[in-house]
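To start, the structure itself, in structure tokens.
Counting from 1, the numbers follow the sequence of the chain as shown. Remember, predicted model here, so these are calculated numbers, not experimental data.
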Amino acid sequence: MPVKCCFYRSPTMEAMTWSENMDTLLANQAGLDAFRTFLKSEFSEENVEFWLACEDFKKTTNAEKIASKAKMIYSEFIEADAPKEINIDFSTRDLISKNIAEPTLKCFDEAQKLIYSLMAKDSFPRFLKSEIYRKLINRQQVANHKKWLPFL
């Protein structure tokens with residue numbers, strides 16, 4: 001019987017893997033939390049909140065819940081003057097507005113792709129250069145050194 005080996009990643013290594021790509025960052029709860037904090041500091045947290053709402057929406061199986069969740073996402077992020085209105089083009093917004101009466105699990109796909117692309121090209125590179133990310137990496141490196149060199 002083969003022996004299973006576990007690969008342990010230190011918190012610093014974990015945080016450093018976030019720089020590989022945005023999917024790695026979004027798949028890690030600590031990474032997502034740090035990215036959200038950064039987006040809040042830039043007043044653009046609605047982007048990641050919309051992306052997360054769409055990810056949750058796509059897992060919905062009950063037809064009634066699909067309709068109610070779609071209307072919630074629409075009123076919170078899509079319609080004009082929504083509390084967390086996202087920045088999407090008119091044609092995408094118009095298409096969603098027409099389809100919201102009979103929503104499907106794919107009704108936000110185009111908008112979600114646009115927002116993901118915006119975050120990947122704009123917010124994510126700035127996050128990796130941000131003080132929030134650098135402090136996190138540095139704090140974790142210091143903590144790791146203290147583990148190995150307790151006299152520091």
Report task. State the CZ-CE distance between F77 and M72, to the nearest 0.5 angstrom. Result -> 6.5 Å

Report task. Can you measure from OG (S97) to CG (L95) and round to the nearest 0.5 angstrom? Result ->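 If I round to the nearest 0.5 Å, the distance is 8.5 Å.
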
Ignoring hydrogens and geometry, is there a side-chain-to-backbone donor-acceptor pair from [X] to [Y] under 3.5 Å?
| X | Y | answer |
| --- | --- | --- |
| E110 | T92 | no |
| T37 | D33 | yes |
| D122 | L118 | no |

Would you call [X] and [Y] a salt bridge, using N to O less than 4.0 angstrom?
| X | Y | answer |
| --- | --- | --- |
| R126 | E42 | yes |
| R93 | E85 | yes |
| E76 | K84 | yes |

I'd like to check [X] versus [Y] (side-chain heavy atoms, cut-off strictly below 4.5 Å). Are they in contact?
| X | Y | answer |
| --- | --- | --- |
| Q112 | E55 | yes |
| S75 | K71 | no |
| W18 | L136 | yes |
| I115 | N87 | no |
| L114 | S117 | no |
| Y116 | M22 | yes |
| C107 | F57 | yes |
| Q29 | L32 | yes |

Report task. Could you tell me which residues satisfy side chain to side chain contact (heavy atoms under 4.5 Å, CB included) with R36, sequence neighbours excluded, listed by chain and number? Result -> V48, E49, L52

Requested in this report: Tell me yes or no: between the side chains of T24 and N21, is some donor less than 3.5 Å from an acceptor?
Outcome: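 A pair is found: one side chain offers a donor N or O, the other an acceptor, under 3.5 Å apart.
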
Query raised in the report: Side-chain donor-acceptor pair under 3.5 Å between K69 and T60, yes or no?
Result: yes

Which atoms form the tightest heavy-atom contact between [X] and [Y], and what is the distance?
| X | Y | result |
| --- | --- | --- |
| W51 | M119 | CB-CE, 4.0 Å |
| P103 | A70 | CB-CB, 3.5 Å |
| A15 | I137 | CB-CD1, 3.5 Å |
| A53 | I73 | O-CD1, 3.7 Å |
| C54 | F108 | SG-CB, 3.7 Å |

Query raised in the report: Should the ring pair F124 and F35 be called parallel, tilted or perpendicular, given that the plane angle runs from 0 to 90° and is split at 30 and 60?
Result: perpendicular

Query - Contacts of type salt bridge (charged side-chain N to carboxylate O under 4.0 Å, His left out), residue D109, not counting sequence neighbours - result: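 Applying salt bridge (charged side-chain N to carboxylate O under 4.0 Å, His left out) to D109 gives none.
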
Requested in this report: Report the residues that fulfil salt bridge (charged side-chain N to carboxylate O under 4.0 Å, His left out) with D94, sequence neighbours left out, ordered by chain and then residue number.
Outcome: K98

Query raised in the report: Under a 4.5 Å side-chain heavy-atom rule over Ile, Leu, Val, Met, Phe, Trp and Tyr, are L26 and I132 clustered together?
Result: yes

Requested in this report: Output, in order, the C-alpha distance, side-chain angles, deciding distance and verdict of side chain to side chain contact (heavy atoms under 4.5 Å, CB included) for F127 and L39.
Outcome: CA-CA 8 Å; F127 167 71; L39 291 174; over 6 Å; no

Query raised in the report: Stepwise, does the side chain to side chain contact (heavy atoms under 4.5 Å, CB included) test hold for I78 with I88?
Result: CA-CA 8 Å; I78 306 295; I88 54 174; 4.1 Å; yes

Query raised in the report: Just wondering, more than 12 heavy atoms not from K65 lying within 6.0 Å of its NZ?
Result: no

Query raised in the report: Given the side-chain rings of F38 and Y133, with only the six-membered ring counted for Trp, is the space between their centroids under 6.0 Å?
Result: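 No: the rings miss the under 6.0 Å criterion.
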
